[in-house]
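A quick write-up on the structure given underneath.
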Amino acid sequence: MKAIVKYIISIISALRTLIKGMAITGHYISHPKEIITQQYPENRETLKMFDMFRGEVVLTHNEDNEHMCTGCSACEVVCPNGTIEIISKRIEMPDGKKKKVIDKFVYHLSMCTFCNLCILSCPTDAIKMSQDFEHAVFDRSQLTKVLNKPGSKLMEGVR
Amino acid sequence: MEEIATNKNTGKPLETQEYFINMGPQHPSTHGVLRLLLTLEGEIIHNVEPHLGYIHRSIEKMCEKDSYTQIIHLTDRMDYLSSHMNNEAVSLAVEQGLEVEIPDRVKVIRTIISELTRLSSHQLWWGVFGMDLGAITSFLYGFRDREMIIDIFEETCGARLTMNYNVPGGLMFDIHPNFQKGTKAFVTHFKKKLPEYDQLLTENVIFELRTKGVGVLSKEDAISFGVTGPTGRASGFSNDIRKHNPYSAYTQVDFNEVLREEGDSYARYKVRIQEMWESMSIIEQLIDNIPEGDYKVKTKAVIKLPKGEYYQKVETARGEFGVYIISEGGKSPYRLKFRSPGFSNLSALNRMAKGAKIADLVVIMSTLDLVIPDIDR
Ligand code: SF4
Ligand code: SF4
């Protein structure tokens, strides 16, 4: 007899705790405003990442297609995993002097660990992190990017 | 009395035999690539032998090539749920070698972010623990609240998980103007939501039956296996580095070290829930008193540590994390050793799981809160 009473009590207490848990579910069903699910990718238009977000490294260009990278290779040296390759060339200046400028700023997105050290090391603030996070591509080779735009040149006055 | 099956022809009891099965490396409840070799008799576990090496990246060896600034970002990839604390440990060890005085502002910010990281780690653990027991709901609730913390990190340092926010000598950037507001909003929000966790899981009868008395670890065993963190504290082993060897701003705050005596899965669960309350109280004490000042002291571009040995330990969400640097005076360490909490905690698994059923092993492993890349670095 005792065992049966105990058994019934345990069933009741089990049901009580289950109902207690279900009460929370019920609360959220009746309060849809408190649910925080985001409908990605439907909300692409309104989805804004924080300014600090480390999406990928980009070389900033102004309207005249000029960038600020002097080709000093500080970022290349500081990068822990060889993500950045600076390929520079020598060009002849109008006054006859030879000057070293970047030919290609190669960035291997597939190797980047988003540590932000390159951004900190750049003396001219030429590179920054973009807020783009949709990195998926169909072919791995597309992840190797040349960051300086074709025909771009060094901004006046940056040394 | 169990009936023993007999051989029909001879009438003798049937022979039973131990057998082996592999659990993992791709088993969902191992939360990563951990392979356990189980010796079983029926469903009773006789022996558990963890096999490591599936996610070995030789981080310690890589550190011997990297500069001290670069080492920090590698520690993100060990215990990724406590990345800030790991970063802090390396930074503190390097700062110890450089003998620089760290501004109070840095100390306080580091402490607040450490506690936020601990909260987010425990929230994730809580969600995943529920899921290991078959309660998917808790997973969603844990992640809902964790998202708020992750957003605070993202706004201040740009990364969500592998933060790399510490540099030797301070922080990478100053905190975002919204940091204090966001953190306070989170604490207010989470104080309301944490009781929901109890209501959903802690008081549930099925949950209690599955965790109470399962995987008991005695205090003596906890000490001899070096089990630290919430797992050790649930067995009554007082090991909180924040209390015993305070670093950063832990000297300024008032908090309790959560201890329990039972040493079973339920105790480990309760310790973590209680720790979330303590973390929130630490954050509340500091968030309004962030001192003004620099967020970083100037260090040389190429950091060279004087010849010698440096050791720094911190309390991560899983226990004692130590960094041991031997420097020969160069720009990278001669040898670097990490003492990761997960590795020692895992060593006690065999002792805890002996005699338990396979389903209990999942519970025990989950309450150890293992992060495999931390064990296998
Ligand atoms: S973020 Fe880090 S890994 Fe990526 S390119 Fe910069 S330095 Fe290299
Ligand atoms: S991006 Fe900056 S650090 Fe890198 S090569 Fe150009 S100027 Fe130097």
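Quantities reported herein were computed from a predicted structural model and do not represent experimental measurements. Below, chains carry the letters A, B, ... as their sequence lines are ordered, and counting in each starts from 1.
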Legend entry - Point-to-point distance, once rounded to the nearest 0.5 Å, from SG of A/Cys79 to NE2 of B/His73: 7.5 Å
Inset, instruction - Please check if atom CE in A/Met111 has more than 12 non-hydrogen atoms from other residues, nucleotides or ligands closer than 6.0 Å. - result: yes
Inset, instruction - Measure the CG-OG1 distance between B/Leu200 and A/Thr25 for me, rounded to the nearest 0.5 Å. - result: 6.5 Å
Inset, instruction - Determine whether more than 12 heavy atoms belonging to other residues, nucleotides or ligands lie under 6.0 Å from atom NZ of B/Lys184. - result: yes
Legend entry - Any donor-acceptor N/O pair, B/Arg77 side chain to A/Thr113 backbone, under 3.5 Å: yes
Inset, instruction - For B/Glu95, check salt bridge (Lys or Arg N to Asp or Glu O under 4.0 Å) against everything at least two apart and list the hits. - result: B/Arg110
Legend entry - Neighbour count above 12 (heavy atom, 6.0 Å) for B/Arg335 CZ: yes
Inset, instruction - With the side chain counted from C-beta on, respond yes when A/Leu18 and B/Asn204 share a heavy-atom pair under 4.5 Å apart, and no when they do not. - result: yes
Inset, instruction - For residues B/Gln70 and A/Val77, report the shortest heavy-atom separation together with the two atoms involved. - result: NE2-O, 3.8 Å
Inset, instruction - Could you tell me which portion of B/Ser67 (side chain, backbone, both or neither) has an atom closer than 4.5 angstrom to a non-hydrogen atom of chain A? - result: neither
Legend entry - Within 6.0 Å of NZ in A/Lys145, more than 12 heavy atoms from elsewhere: yes
Inset, instruction - Could you tell me if the ring centre of B/Tyr141 sits under 6.0 Å from that of A/Tyr28? - result: yes
Legend entry - Side chains of A/Ser13 and B/Val205 in contact at under 4.5 Å (non-hydrogen atoms): yes
Legend entry - Criterion side chain to side chain contact (heavy atoms under 4.5 Å, CB included) on A/Val78 and B/Thr69, from CA distance to verdict: CA-CA 9 Å; A/Val78 84; B/Thr69 342; 5.9 Å; no
Legend entry - 4.5 Å side-chain heavy-atom contact, B/Asn164 and A/Phe114: no
Inset, instruction - Could you tell me whether a side-chain N or O of A/Arg54 sits under 3.5 Å from a main-chain N or O of B/Cys157, the two making a donor and an acceptor? - result: yes
Inset, instruction - Could you tell me whether a side-chain N or O of B/Glu154 sits under 3.5 Å from a main-chain N or O of A/Phe53, the two making a donor and an acceptor? - result: no
Legend entry - Short side-chain to backbone donor-acceptor contact, B/Glu155 and A/Met52, under 3.5 Å: no
Inset, instruction - Using ring pair (Phe, Tyr, Trp, His ring centres under 6.0 Å) as the criterion, list what pairs up with B/Phe190, not counting sequence neighbours. - result: B/Phe186, B/Tyr197
Inset, instruction - Sort out for me which of B/Glu203, B/His176, B/Glu147, B/Met62 touches chain A most, counting heavy-atom pairs under 4.5 Å. - result: B/Glu203
Legend entry - Under 4.5 Å from any heavy atom of chain B - which part of A/Leu120: side chain
Inset, instruction - Please indicate whether B/Lys337 has more than 12 foreign heavy atoms, meaning atoms of other residues, nucleotides or ligands, lying under 6.0 Å from its NZ. - result: yes
Inset, instruction - Could you look at B/Asp76 and say if it's the side chain, the backbone, both or neither that has a heavy atom under 4.5 Å from chain A? - result: neither
Legend entry - Over 12 foreign heavy atoms within 6.0 Å of CZ, A/Phe133: yes
Inset, instruction - Side-chain contact test, heavy atoms from C-beta onward, threshold under 4.5 Å: evaluate it for B/Phe173 versus A/Asn116 and give yes or no. - result: yes
